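Side chains included, hydrogens not; waters and symmetry mates left out as well; all remaining heavy atoms used. Just so we're on the same page: letters track the sequence lines, and every chain starts at 1. From a predicted model like this one, the values you see are computed outputs, not experimental measurements.
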2 protein chains.
Amino acid sequence: MHLTGNGHACQEQIRFFLVSGAADVSSHWNGYGKYDGIVSMNMRRTTIKDVAEAAGVGVATVSRVLSGGSASPATRERVLTVAAQLDYRPSALGRNLRQQRSGGIGLLLPDITDTFYGRLADGVLACARSAGEPVILGATGDDPEREAELIGMLLEQGVDRVIAIPSGDGETWAPTLRAGLTTVFAHRLAAGRDDVPAVLADDRAGVRTAVDYLTGLGHRRIAYLGGPGQEQRLSVFRQALGALVDEDLIVSARGSRDSAYAVAAGLLQRRPDLTAVLAGGNLLGEAAVLAARELDLRVPRDLSLIMFDDVPWAELCSPPLTVIAQPAQDIGYRAAELVLRAGPRRPRSVLLPTELMVRGSCAPRGISRSPR
Amino acid sequence: MHLTGNGHACQEQIRFFLVSGAADVSSHWNGYGKYDGIVSMNMRRTTIKDVAEAAGVGVATVSRVLSGGSASPATRERVLTVAAQLDYRPSALGRNLRQQRSGGIGLLLPDITDTFYGRLADGVLACARSAGEPVILGATGDDPEREAELIGMLLEQGVDRVIAIPSGDGETWAPTLRAGLTTVFAHRLAAGRDDVPAVLADDRAGVRTAVDYLTGLGHRRIAYLGGPGQEQRLSVFRQALGALVDEDLIVSARGSRDSAYAVAAGLLQRRPDLTAVLAGGNLLGEAAVLAARELDLRVPRDLSLIMFDDVPWAELCSPPLTVIAQPAQDIGYRAAELVLRAGPRRPRSVLLPTELMVRGSCAPRGISRSPR
DNA sequence: GAGATGCATGAAAACGTATCCACATCGGGT
DNA sequence: ACCCGATGTGGATACGTTTTCATGCATCTC
C-alpha cells in the first residue's frame, strides 16, 4: 500500500517535470541510482502501466510505441521520453506469455569443452547479441536421450528457435518440429530429417582434398578415425579412396577423449602397416598424436596425420599439424542468421568451404614402418 | 471456435476412457502422435485447465499436485494419470510471469572460445542440468560495457540467478544486486564487490608455488604475462618474488589472442635477459610459446615457461608444458551449486586448490641467453 | 453433542504484456 | 453541409500459471 502510494507520487513528480520542461528531467533524474539504499529492496518493477500513467496515455499506446507500431509523433516522443526517464524495461516475462513464445534461441551441442563447438557457439552468440536475443545453451554429450531431454526443456521454456548439432535421429526431432519450432541444424544433419535447413562445412570437398593429398604423397593404407555422426564423411572417404578402401581401417569413437584415445591406440596397434590417418575432429586428432607418441611412432616419418578442424594448438604441436580448417564461427553465425530470419518459407541450407592447411604432419610415404 | 469445440470433444473422450478403465487409455492414446499431420499445425497447447477439466478437479489442485503441494492420494493419482495421458507440460511462461522470475541461470564469461571458460561452462551446465534449470549464456569479451549490456538483457528476461566471471567493477554490478539477483562470481572478483560470494581457484598458492619452483631452479629474472582482472595474482607474484621483483617484467595483455601475442613478443624482445615466464592463462601461454619460437628461443633451454591452466594441448606441445592446473569444471559446478542453493543468508565463498604439474618446459637456469 | 481443529479443495486474483475492437477526431470529397 | 475513410487512441481481454482465501467436510476434544 505504502509502496503504491509512493510510486504514484513519483509519477506525478515526473509528469510535472515533463510539463514544465523536459530538458531538465534528465539532469534531475540521472541520479536515480542514488536512491538505491533506500528503496531498492522493496521497489516494484516499473511496468508499462506506470509509463502509461506518467505519460498520460493508455497502456496500449505505450505498447505500440515501443513495439514500433503507429502513433502520432507527439505522443511517440512523450512516451519515449517518459520511458527513458523511468528507466523502463519491458518485461520479457509478460511479453512471452502474451505471445506464447520466449523469444530466445536454444543452442544444443555435444560438448562445449570442444573448441570447435566453442567457436561455433561464439558465432551464434555474436549473431544473437546483435539481434538482442538471449541464447540458452545445452550440452547433449552426443547422447540422443539427453538431447531429447534438453529439447523438452526448451519446449517447456517456450523457446521457439533452436540451433542444434543433432545427436539423435529424425525421431528425436519429431516433437520439436511438431511443436512448430523453427530449427536449424549446424555442422551435421539428423538422419531422416532432410527437411530441416542446415549450415554445414563442405565435408565432401574437405575429405576429398585430404584423401587426394595423402594419396598424392604416395600413401595407400589410409585410416579414418571418426566420431559420432560422421556418416557422410565416411561415405565420401570410401568413395574418394576407391579401390584402396580397407574397412578395417575405418574406426569410430564416441564423443569422449577417453574413447577417442582408446580407439586411436587400438587402431595404430592393430595395424602397424598403415601409413596415414585422417582424424575427423580435433579430439580425435589429439588422440592420434598421443597414441602415436605412446607407440613411438614419429610424425610424419612413420605416420602422416591430417586432422579435421584447425585449432590454435595445431601450430604449437611438433610437428605442426596439417589440418582441414572449418569455419566454425561462421557456421554458428550463419545458423543464427537462418534461425532468426526464418520467414514463411523454409530457408535454403548453406554450405561453407573448408580449406586444407598444409603444415608439417604429412610426408611422402617413405620406408615402411618397422614392425614392433 | 472450431478448435475450442474440438478440444472439448477430446477432453470428454478422455474422461470417458478414464471412467471406463484407465488401463486402456494408454494403448488408445499412445498413438496420439499419429494425429500429427492432421491437427499438429493448429493444435492448442495443453494447459493446466485442460488437465483440470479432464480430471474433474480445479486448476488449483492440479497446480498443487504438480508442484508437490498437499493433496489426497486419490486425486493426486488421478491428476498425475490424466496429466501423463494428455502429455501435459506446464508452461514455464505462465509460471515465470506469475512468480516474477524466469528461473534460468545466467552465465556471463569473457570468451567461450577459451577452453578454460569452456570447461567452466561445462561444469555449470552439468549442475544446472541436474537441477533442471536452463542456462543463458553470454560472452562479454572482457568488456565492461558489453557486460553491462548483457546484464540488462538478463534482467529483462527475468533471470534471477547469475554466475559471472566479472569484467567490470562494482559499478557495473550495482544494478544486478539492486534488482535482487543472486549473483556468484567465478574465477575472479569484481573490484569493490567483496559482498558477492565467489568460487575461486587458489591463485595465491598457485602463484607462490610456481614462483618458488622457478626460483628453486635458479631463475632470478622472472616475468609475469598477465591478462585482464589478475590484480590479485600480480600482488602475490610481487610478494613471492620479494627483492627480485622487476616491474618492467610484469606485463598485461587484453583478452584477445592478438593482444596476447603482441605483448608476449614485445616482452621477450625487449628483455633478452629474462630466463623464465609465468603465463597467467592458456591464451597467454600459447602466445608465449609462439613468440619464443618466433624469436628462436628454445624452451626450456633458453627460456623456462609455466602456464596457468592445464589444457589438453599442454601435453602435446614440445616440450610438454609445465602448468598450474585449475579445476575449471569444478569451479563452474560449485558456482552453480552456490547460486542454486542460495538461501536466505549469503553463502560462503569457495576456494579450490591448484596443482603444479611438472612437465618439460622448465629447466635450471643454464648458460645465459645469447644476445641477438 | 457441540465446538474446535485440521485438511482437501476450488474460485478468483494477480503477474505484464500485446492485440482486438470500439470510439473519437479530423480531413477531404461529393 | 454531410458523409466516409483514415488515423490515433484507450479500454478490455487473454495468455497459463501460482497463490491466497473461503468453504465444506471429517475428525478430534472436552
Side-chain angles (χ1 to χ4, degrees), chain A residues 1 3-4 7 43-80 82-83 86-103 155-160 179-180, chain B residues 1 3-4 7 43-80 82-83 86-103 155-160 179-180:
Chain A
M1 270 309 168
L3 280 178
T4 314
M43 192 171 58
R44 200 172 43 89
R45 201 193 157 99
T46 312
T47 77
I48 200 175
K49 204 175 167 188
D50 300 325
V51 178
E53 289 182 11
V57 299
V59 289
T61 303
V62 177
S63 174
R64 265 189 302 262
V65 168
L66 267 44
S67 311
S70 78
S72 79
T75 44
R76 147 162 280 119
E77 191 188 2
R78 204 165 72 236
V79 168
L80 288 180
V82 172
L86 289 185
D87 189 32
Y88 167 68
R89 327 202 44 143
S91 154
L93 273 49
R95 176 181 18 198
N96 292 346
L97 176 57
R98 170 59 218 237
Q99 29 194 57
Q100 299 282 66
R101 48 188 224 97
S102 98
L155 284 181
E156 192 169 318
Q157 294 296 321
V159 172
D160 64 341
Chain B
M1 270 311 170
L3 280 178
T4 313
M43 192 173 57
R44 200 171 43 88
R45 199 193 159 104
T46 312
T47 76
I48 201 177
K49 204 175 166 188
D50 300 326
V51 178
E53 288 183 11
V57 299
V59 288
T61 303
V62 177
S63 173
R64 265 190 301 260
V65 168
L66 265 47
S67 311
S70 75
S72 80
T75 45
R76 147 161 280 120
E77 192 188 0
R78 204 164 72 236
V79 167
L80 287 179
V82 172
L86 289 184
D87 190 30
Y88 167 68
R89 327 201 45 142
S91 154
L93 274 49
R95 175 180 10 188
N96 291 345
L97 177 58
R98 169 60 218 236
Q99 29 195 58
Q100 298 281 67
R101 47 186 223 98
S102 97
L155 284 181
E156 191 169 320
Q157 295 296 322
V159 171
D160 64 340

Report yes if some heavy atom in the side chain of B:Ile48 is under 4.5 Å from a heavy atom in the side chain of B:Tyr88; otherwise report no. yes
Side chain proximity check, A:Val65 to A:Thr75, heavy atoms < 4.5 angstrom: no
Length of the CG-C1' vector between A:Leu66 and C:dT19, whole Å: 15 Å
B:Thr75 or B:Gln99: which one's nearest nucleotide on DNA chain C is closer to the 5' end? B:Thr75
Rounded distance in Å - CZ (A:Arg76) to P (D:dG8): 10 Å
Short heteroatom pairs, N/O only, protein and nucleotides 20-28 of chain D, under 3.5 Å:
none

Just so I know, are the side chains of A:Glu156 and B:Arg95 near enough to count as touching, which here means a heavy-atom distance under 4.5 Å? yes
Within this structure, what is the CD1-to-P distance between A:Ile48 and C:dA14, rounded to whole angstrom? 19 Å
Within the pair A:Thr61 and D:dT9, is there a side-chain N or O less than 4.0 Å away from OP1 or OP2? no
When you measure from the side-chain N and O atoms of B:Ser70 to the phosphate of C:dA8, is any distance below 4.0 Å, counting only OP1 and OP2? yes
Just the rounded figure in Å: distance from C1' of D:dG8 to CZ of A:Arg78. 12 Å
Heavy-atom side-chain contact between B:Val82 and B:Leu86 under 4.5 Å: yes
Taking any heavy-atom pair under 4.0 Å as a contact, classify B:Leu97: base, sugar-phosphate, or nothing. base
B:Leu155 has an atom CG; how far is it from atom C1' of C:dG16, in whole Å? 16 Å
Base, sugar-phosphate or nothing for B:Thr47? Non-hydrogen atoms, less than 4.0 Å. sugar-phosphate
Under 4.0 Å between any heavy atoms, over every strand shown, what does B:Gly94 touch: base, sugar-phosphate, or nothing? Just pick one. base
CD of B:Glu53 versus P of C:dG10: gap in Å, rounded? 13 Å
Does A:Ser72 make a side-chain N or O approach to OP1 or OP2 of D:dT9 shorter than 4.0 Å? yes
CG of A:Asn96 versus P of C:dC15: gap in Å, rounded? 18 Å
Any side-chain heavy atom of A:Glu77 sitting closer than 4.5 Å to one from A:Leu80? no
Would you mind classifying the nucleic acid contact of B:Ser91 as base, sugar-phosphate or nothing, using non-hydrogen atoms under 4.0 angstrom? sugar-phosphate
Do the side chains of B:Val79 and B:Leu66 get nearer than 4.5 Å, heavy atoms only? yes
Could you check which of D:dG10, D:dG16, D:dT19 has an atom nearest any side-chain atom of A:Gln100? D:dG16
Would you say that B:Leu93 contacts A:Ser102 through its side chain, given a criterion of any heavy-atom pair below 4.5 Å between the two side chains? yes
What integer distance in Å separates A:Glu156:CD from D:dC15:C1'? 17 Å
